[in-house]
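To start, the structure itself, in structure tokens.
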Amino acid sequence: MAEQRLLVIIDDEEDILDLLEYNFLRVGFCVEAFNRAKPALEFLSQKKPAAILCDWMMPEMTGLELCRAIKENISLADIPFLMVTCRTETSAVKMALAEGVTDYIRKPVRISDLIGKVQTIIGV
């Protein structure tokens, strides 16, 4: 069962990761932040968050590869996966949605809008 206020955030840019973590903590979320996808995937084998926010372009494993791995795992497949990325081309959006991404959010994003989207998606 997912922890209702637990949010996993993955972004290899530390300043963005810190900004997102700070703002979600400020509105009452519990946050686990990772700067790479593989440690996040290891964490997900232990805990099930309410949602995942993830950048697309990261070293070692992209956000899209992480989404595929999560959606292939029956115990994780229902976790909402929000791609937060600077990739704006229509083909990228279509590819992400076809792979199971719940919502595709283009950077730069207003933090208040992002928090609202997450709250709406997880029902809090």
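- Under the 4.5 Å side-chain contact rule for hydrophobic residues, Val93 and Val109 do not share a cluster.
- With values rounded to the nearest 0.5 angstrom, Glu21 atom CD is found 14.0 Å from Ile16 atom CD1.
- Nearest approach of Pro80 to Ala50, heavy atoms of both residues: CD-O, 3.1 Å.
- Under the 4.5 Å side-chain criterion, counting only non-hydrogen atoms from C-beta, Leu53 is in contact with Leu114.
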Subject >> Verdict with supporting geometry, Lys47 and Val8, side chain to side chain contact (heavy atoms under 4.5 Å, CB included) >> reply: CA-CA 10 Å; Lys47 291 221 179 206; Val8 168; over 6 Å; no
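- Listed by chain and number, the residues in a ring-ring contact (aromatic ring centres under 6.0 Å, His included) with Phe24 are Phe29 (sequence neighbours excluded).
- Between the CZ atom in Arg36 and the CG atom in Asp12 there is a gap of 10.5 Å [rounded to 0.5 Å].
- One hydrophobic cluster holds both Leu19 and Val118 under the rule that ILVMFWY side chains link at heavy-atom gaps under 4.5 Å.
- Between the Thr102 side chain and the Phe81 main chain, a donor and an acceptor come within less than 3.5 Å of each other.
- Annotation: side chain of Thr85 is in contact with side chain of Tyr104 (closest heavy-atom distance under 4.5 Å).
- Atom CG in Leu97 sits 9.0 Å away from atom CE in Met83 (nearest 0.5 Å).
- Rounding to the nearest 0.5 Å gives a distance of 10.5 Å between SG of Cys67 and CD1 of Ile79.
- Between Cys54 and Gly63, the shortest heavy-atom distance links the atoms SG-CA, 3.6 Å.
- Cluster annotation: Leu41 and Leu64 are assigned to the same hydrophobic cluster (Ile/Leu/Val/Met/Phe/Trp/Tyr, side-chain heavy-atom contacts under 4.5 Å, transitive).
- Listed by chain and residue number, Asp113 satisfy the salt bridge (charged side-chain N to carboxylate O under 4.0 Å, His left out) test with Arg110 (two or more places apart in sequence, or in another chain).
- Rounded to the nearest 0.5 angstrom, Ile52 CD1 and Ile70 CD1 are separated by 3.5 Å.
- Within a 6.0 Å sphere centred on CZ of Phe43, other residues, nucleotides and ligands contribute more than 12 heavy atoms.
- The side-chain heavy atoms of Met61 and Ile10, taken from C-beta on, include no pair separated by under 4.5 Å.
- Pairs engaging residues 64-76 under the salt bridge (charged side-chain N to carboxylate O under 4.0 Å, His left out) rule: Arg68-Glu99 [sequence neighbours left out].
- The two residues Lys117 and Asp103 have their closest heavy-atom pair at NZ-OD2, 3.1 Å.
- Heavy atoms only, all atoms of each residue included: Leu17 and Asn35 are closest at CD2-N, 4.0 Å.
- Contact of the Asp55 side chain with the Lys107 side chain is registered, since non-hydrogen atoms from C-beta on lie closer than 4.5 Å.
- Residues Ile111 and Ile115 are in side-chain contact: their nearest non-hydrogen atoms beyond the backbone lie under 4.5 Å apart.
- Rounded to the nearest 0.5 angstrom, Met57 CE and Glu13 CD are separated by 8.5 Å.
- The hydrophobic clustering, which links ILVMFWY residues whose side-chain heavy atoms are closer than 4.5 Å, places Val84 and Ile121 together.
- Scanning both residues, Leu6 and Pro49, for their nearest heavy atoms gives O-CB, 3.4 Å.
- Leu44 and Met58 end up in the same hydrophobic cluster when Ile, Leu, Val, Met, Phe, Trp and Tyr side chains are linked at under 4.5 Å.
- With Ser91 as the fixed residue, the side-chain contact (heavy atoms from CB on, under 4.5 Å) test singles out one of Glu89, Met95, Arg87: Glu89.
- The minimum heavy-atom distance between Ser75 and Lys48, with the atom names listed, is O-NZ, 3.3 Å.
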